[in-house]
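Working notes, structure below.
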There are 2 protein chains.
Amino acid sequence: MEVSSLLQHTVDEHLRADGDLSYVQFQILARLSDAKDGKLRMTDLADGVVYSRSGITYQAGLLEKRGLITRSPAPDDERSVIVTLTDAGRALVAQVLPGHVDVVRRLLFEPLQQRDLTTLNDVLGRVRDHMRAAPPRSAKPRARRGRTG
Amino acid sequence: MEVSSLLQHTVDEHLRADGDLSYVQFQILARLSDAKDGKLRMTDLADGVVYSRSGITYQAGLLEKRGLITRSPAPDDERSVIVTLTDAGRALVAQVLPGHVDVVRRLLFEPLQQRDLTTLNDVLGRVRDHMRAAPPRSAKPRARRGRTG
DNA sequence: TCTACTTGCTTCGGATTCGAAGCGTGCTGT
DNA sequence: ACAGCACGCTTCGAATCCGAAGCAAGTAGA
């Protein structure tokens with residue numbers, strides 16, 4: 001619980017310094033950059049980044065303000081919003097990505113052997129399958145956030 | 001980046017439902033419960049939980065309001081604040097801990113073999129050492145948080 | 001068509017977080 | 001003793017996040 005937070009913090013810092021992006025914003029842009037045509041629905045972004053829907057709305061607002069993405073209604077489903085990576089957005093990803101990869105490599109991958117990576121991948125895959133098999137989605141409305149004090 | 005967040009989310013939910021605690025608050029209480037006499041300085045808590053100092057102050061305020069901890073000046077250093085776990089705090093940890101352990105076991109440890117755990121421990125230890133050896137603490141004051149919009 | 005339910009997104013309110021700045025306290029060198 | 005710096009904590013302002021509630025669009029059944 002300390003390795004992950006130091007890595008997280010370092011990555012955050014690099015992204016902030018090198019492109020004024022939060023990690024979440026970077027994830028969004030990266031996902032778009034991977035997607036066909038650089039287009040995704042809001043929901044797909046949210047599912048990918050584990051965010052709440054409202055969180056994606058918030059971040060998309062920020063990214064749109066900066067001209068890194070655009071939002072437009074989907075032609076086939078009037079409810080959906082299609083998020084599109086702009087040229088500026090693509091350029092920013094290209095600018096930040098190498099340094100990001102480098103940071104992660106230096107902090108996480110460098111001390112590992114190929115054997116470790118294989119094992120890690122294996123293990124994480126098993127955990128993922130296990131979670132998918134029995135998703136603990138219950139969200140009982142007990143004991144809300146604010147105490148009534 | 002999905003395994004960890006689902007685990008995190010599930011753990012959060014359990015702690016909230018079972019003791020109205022955030023994960024961070026649980027970490028603080030657990031750390032105190034491990035400490036000798038149930039006493040720690042604010043700084044030691046912050047270092048353990050990776051928090052900023054101000055974050056610990058905030059959470060300690062909440063926990064103190066609920067009577068789970070107390071804060072008192074350190075006898076040997078007038079600057080320090082000693083956080084002490086109250087009986088109520090200790091009781092709450094005892095109430096929440098079994099379920100917490102159970103959640104983590106079911107989600108994370110169950111699908112793993114003993115061999116995996118050994119490897120994971122090994123690998124994480126190596127990463128940790130690597131990070132400690134070359135701590136990337138720089139915090140350049142470039143590109144602050146708020147854009148001047 | 002009308003109703004009820006589902007889906008996709010946004011708005012709103014509140015909680016949590018961080019960093020910078022501030023304030024005492026402790027330490028060191030002169 | 002005094003100046004200067006380091007340390008420990010809190011306060012403050014702003015950013016980021018989530019869940020509940022709301023709204024619009026789609027879907028299924030009578």
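Every chain is numbered from 1, with letters handed out A, B, ... down the list of sequences. Just so it is clear, the structure is predicted and the values come from calculations on it, not from any experiment.
Protein atom CD1 of A:I28 is 13 Å distant from nucleotide atom P of C:dC9, rounded to whole Å. Between the P atom of D:dC7 and the CG atom of B:D76 lies a distance of 16 Å, rounded to the nearest Å. Rounded to an integer number of Å, the gap from CG of B:L62 to P of C:dA15 is 9 Å. In this structure, the CG atom of B:L45 is 13 Å from the P atom of D:dG8, given to the nearest Å. For the pair A:L21 CG and D:dA15 C1', the interatomic distance rounds to 15 Å; values are reported in whole Å. We find that CG of A:D20 is positioned 12 Å from C1' of D:dA15, with the value rounded to whole Å. Between B:R16 atom CZ and D:dA20 atom P there is a gap of 12 Å when expressed in whole angstrom units.
Under the rule for a ring-ring contact (aromatic ring centres under 6.0 Å, His included), the partners of A:F26 that lie at least two apart in sequence or sit in another chain are A:H100. For B:Q95, the side chain to side chain contact (heavy atoms under 4.5 Å, CB included) partners are B:L92, not counting sequence neighbours.
For B:Y51, the listed nucleotide lying nearest its side chain is C:dT16; candidates were D:dC17, C:dG26, C:dT16. In this structure, the nucleotide among C:dT16, D:dC17, C:dT25 sitting nearest to the side chain of A:V24 is D:dC17.
For the pairing with A:L29, the side chain to side chain contact (heavy atoms under 4.5 Å, CB included) check across A:L97, A:V96, A:I69 returns one residue only, A:I69.
With hydrogens and angles disregarded, no donor-acceptor distance shorter than 3.5 Å links the side chain of B:Q59 to the backbone of B:I56. Side-chain atoms of A:T86 come within 3.5 Å of backbone N or O of A:G67 as a donor-acceptor pair.
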What nitrogen or oxygen pairs link the protein and nucleotides 9-11 of chain D at under 3.5 Å?
residue, atom, partner, partner atom, Å
D:dC9, OP1, B:M42, N, 3.3
D:dC9, OP1, B:V81, N, 3.0
D:dC9, OP1, B:V81, O, 3.3
D:dC9, OP2, B:T43, N, 2.7
D:dC9, OP2, B:T43, OG1, 2.0
D:dT10, OP1, B:R71, NH1, 2.9
D:dT10, OP2, B:T57, OG1, 2.6

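Distances shown here put every side-chain N or O of A:Q59 at or beyond 4.0 Å from the OP1 or OP2 atom of D:dA15. Residue B:H9 places none of its side-chain N or O atoms closer than 4.0 Å to OP1 or OP2 of D:dC17.
Between A:D37 and A:K39 there is no salt bridge, since none of the side-chain N atoms of the basic residue sits less than 4.0 Å from a carboxylate O of the acidic one.
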